[in-house]
Structures are given as structure tokens and as C-alpha cells.
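Per chain, numbering begins at 1; letters A, B, ... match sequence-line order.
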Amino acid sequence: MATDELKATFITETEDLLARMEESLLELETNPDDKEVLNSIFRVGHTVKGSAGLLNLPEIVAFTHVLENVLDRLRKSELRTDNDLISVLLDGKDVIAGMLLCVAEGRLVVETDLHAKTVGSLMRYADPGVLRTNAKAAAPPKTELSIPGCYRIELRLKEEIIEQGQDPYMLLLELADLGEILRVQAHVAFVPRFEVMDVYRCYLRWTVVLRSRATTERLTEVFVFVHEGGDIAIVPILDCVHWS
Amino acid sequence: LVTISEDENQTLELDGEATLNFARELHVELSAAVKKVTGPIIIQAERLEALDVIGAQILLALRQSLVPGRVRFVGWSVPITEFLRASGLMPHFL
């Protein structure tokens, strides 16, 4: 399925999930300890975060990461459900809906007043450890982040890339110019047998872990001339430490 | 690009550029050379002036097509070592 189709499916499914989340949150007002309802709301946050990650939507991932943490604490009875918290969670649902609209309209996901206010409110309820981890990812989307983020980049370039005048090594060097490469791994599994190989094709694939102030959009620009026909994924990683 | 040394190990010596511009020649010469060598194949890269993704793939394909452990690379220069490191290929050429 093409990325556009995946995005369209994500938007439709997330709209349904958010509608379900709203119903469940309203239900919590009358049944604040209903485990089934709490679990159902948690699953919505978790699913939206996972899907947004797959689709390379770091702003949604960052926001739902905090939301998910609060929902997790709720279902584990580490927090008590009250009207204030339900109100914050309903705002959270609206924030996701707003970001979803940006994605649907192909606009840059920007931080609204409600977004900033809701993140602040959620942080009062979230586990302190998650706040530190999320500080980088929650930075407002600009061309450059205020704090370096960490990305895992999967490069499956089309085999004809070199015949078409592009050099994969130059792409790696360009990434290195945008930050610090913490790991670069070449995958050789698709290199064919010597006798049958087409010497001008690119069979190698790469995984790169990069720490950079560049936004996902900026990193995507590196691959603007090679994206078609290839499979390139830029996935924000919340924890750089593991790769350092 | 490829010569077979006269020593008893019959080392394959790479010379010039193992790059896109000489990909076909490298493939043909390596193909011919390995047929003449029996036993382990040592590829000496000390005099290799340049290596790129295409050249690296050819060398990798050769090694992967032969019995594991039969091909060994030695003598990478500093610039080529840097290329192998920066491209994530180094572990495959050790």
C-alpha cells in the first residue's frame, strides 16, 4: 500500500478511534473506576501512537506518548479519575484531532495554544520519567529542533539509483552533515550471487541511527531525489542513550 | 585491476579503482582470476586507489558466492577504511 493510502487509512481509523475515546471518557464521568472503559481508552492512545510512528508523524507520536503514559497510570490505578483529569483527556483528544486535520490537509503539524496547554496539564499527571524522555520529541516542529532528536532511518533504495546518477554513500554523508551518526549498518542480504549480479544495481540496504537537530521534514529533503521507487523510513526514537 | 601474484598464496592484487567507472572490468577480471586460484583467496587491496558502493558490492558478491571463509581481504588503505566505516560496510570486509 502506498504512503498516501496508508495515511488516508490512518486518518479514517483515528477519527473513529477518537470518537470512541470521547464516548468512553464521558462514560468515565459516571463510572470512574470502570476498568474496561479505562483499558479501552488506553488502547486508543496506544494505537494512535503506534500508527503515527509507522507513518513518521513525530508530533503525534510525541503528544500521544505523554497521553498514553497518563492513561496507563489511570488503568493501573496510580491516578484517580476526576472531572479535571477527564477534561484534560478530552482536550487531549481534541489536540490529536487537530493534528490529524493538519495531516489530512497536508499541512505542517503546528503547536496550537490548546496543544501547549494540554501538554502542560498532562505533564502534571504523567510519570516524571516520561517527561524527561519526551522533552525532545515534544519540541515544536520547526526546521531545526531546540534539542537534538534521535532518528532511525531505514534506506531501501531502488536498485536503479546508481544508474540514475545518485550515490547512496553521498546520502549517508549528507545525513552525517545534519548531525551525529550513532550507528550505520549496511545490510548485504540482498546482494546476489557474483555470477548473476548486475554490477550497476544497488543491492545494499542501510539502517542509520542519527542524532540531529534537523526535523523529520528536513531529513526527508535529503532523499527528495531518490524517494520514488524506494522505501525510506525516518522514525523518531525517544531514547538516544541506547545508541550512544 | 586484478593481478595474481607469483607467490605460493596466489594473492589477488587489486590496483586502480574498484568503482562504478570500472565495474564491468572488475567483475570480468575477478571472475577470471578466481578460476585460476585454488584454495583460499586473499585479496590484497593495498594499491587500490578508490572503492565505492558498486565496487564494494562486487567484492561482497564474490565472497558470498564462494565457500564461507575462502575469501579474505587485506591491506585496506586509510581512505578506503574510512569509506567502509562511514558506509557501514566495514564489518563485512573484516
B:P91, B:S31, B:S87: which one forms the most heavy-atom pairs within less than 4.5 Å of chain A?
-> B:S87
How far does CG of B:L1 sit from CD of B:E25, to the nearest 0.5 angstrom?
-> 6.5 Å
Max heavy-atom pair count under 4.5 Å with chain B, selected residue of A:L204, A:I181, A:D167, A:L173 = A:L204
Residue pairs fulfilling ring-ring contact (aromatic ring centres under 6.0 Å, His included) with at least one residue in residues 179-213 of chain A, sequence neighbours excluded | A:F194-B:H27
Which of these passes salt bridge (Lys or Arg N to Asp or Glu O under 4.0 Å) with A:E68: A:K49, A:R73, A:R75?
-> A:K49
Most heavy-atom pairs under 4.5 angstrom with chain B, which of A:C202, A:P168, A:P192?
-> A:C202
Across all chains, not counting sequence neighbours, the salt bridge (charged side-chain N to carboxylate O under 4.0 Å, His left out) partners of B:R85 are B:E82
Do the side chains of A:L157 and A:L171 get nearer than 4.5 Å, heavy atoms only?
-> yes
Among A:M197, A:R201, A:Q185, single out the residue with the greatest number of heavy-atom pairs under 4.5 Å to chain B.
-> A:M197
For A:T207 and A:E154, test the side chains for any donor-to-acceptor distance below 3.5 angstrom and give the result as yes or no.
-> yes
Go through the steps to decide whether A:R193 and A:E195 satisfy the test salt bridge (charged side-chain N to carboxylate O under 4.0 Å, His left out), and finish with yes or no.
-> CA-CA 6 Å; A:R193 290 184 65 81; A:E195 309 82 49; 3.2 Å; yes
Please list, in residue-number order, every residue in residues 36-60 of chain B that has a heavy atom less than 4.5 Å from any heavy atom of chain A; write 'none' if there are none.
-> B:V53, B:I54, B:Q57, B:I58, B:L60
Which pairs count as ring-ring contact (aromatic ring centres under 6.0 Å, His included) when at least one residue sits in residues 35-77 of chain B, sequence neighbours excluded?
-> B:F73-B:W76, B:F73-B:F93, B:W76-B:F93
